[in-house]
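What follows is a short report on a single structure.
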Amino acid sequence: MSKTLIIVGLLVVAVGLLWPWLGRLPLGQLPGDIVIRREHSTFYFPITTMVLVSAVISLLLWLFGR
C-alpha cells in the first residue's frame, strides 16, 4: 500500500511540474467533446477526451503490470 501511495504522489508532483506544457495539449477540444453554450451557462462534457485518456492509462497499466 505504501509503495502505491508513493507512486501516486510522485505522479501528482510530475503532473504539477509539467502543467505549463500539458496545458498546451488540445485535450478537451477534440471532435466529439460536447460543449453547449447558453446565455448564462455552459455545459461541457469531454467524452472523446475521457475515452482517449482512459485508453492511454489502460495501455500504460497493461504494459507496466506485466
Side-chain angles (χ1 to χ4, degrees):
M1 181 71 175
S2 63
K3 182 179 177 182
T4 304
L5 288 175
I6 291 171
I7 291 172
V8 169
L10 290 174
L11 287 173
V12 169
V13 169
V15 168
L17 291 173
L18 296 173
W19 193 254
W21 295 281
L22 293 175
R24 296 180 188 165
L25 294 175
L27 293 176
Q29 302 169 3
L30 298 174
D33 289 346
I34 299 169
V35 179
I36 300 172
R37 291 186 178 92
R38 300 280 190 229
E39 187 175 335
H40 297 290
S41 63
T42 301
F43 174 75
Y44 179 68
F45 188 66
I47 191 162
T48 306
T49 300
M50 290 189 303
V51 169
L52 180 66
V53 169
S54 175
V56 169
I57 290 172
S58 296
L59 178 66
L60 289 173
L61 289 174
W62 179 75
L63 286 174
F64 290 115
R66 297 180 121 204

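Residue numbers count from 1 along this sequence.
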In residues 45-64, what donor-acceptor pairs under 3.5 Å come from side-chain atoms, sequence neighbours left out?
from	atom 1	to	atom 2	distance (Å)
Thr48	OG1	Pro31	O	2.9
Thr49	OG1	Gly28	N	3.0
Thr49	OG1	Asp33	OD1	3.4
Thr49	OG1	Asp33	OD2	2.8
Ser58	OG	Ser54	O	2.9

Can you give me every donor-acceptor pair (side chain of residues 1-26, partner residue at least two apart or in another chain, under 3.5 Å) with its distance?
none

Report the residues that fulfil side chain to side chain contact (heavy atoms under 4.5 Å, CB included) with Thr42, sequence neighbours left out, ordered by chain and then residue number.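 Result, side chain to side chain contact (heavy atoms under 4.5 Å, CB included) vs Thr42: Val35, Arg37.
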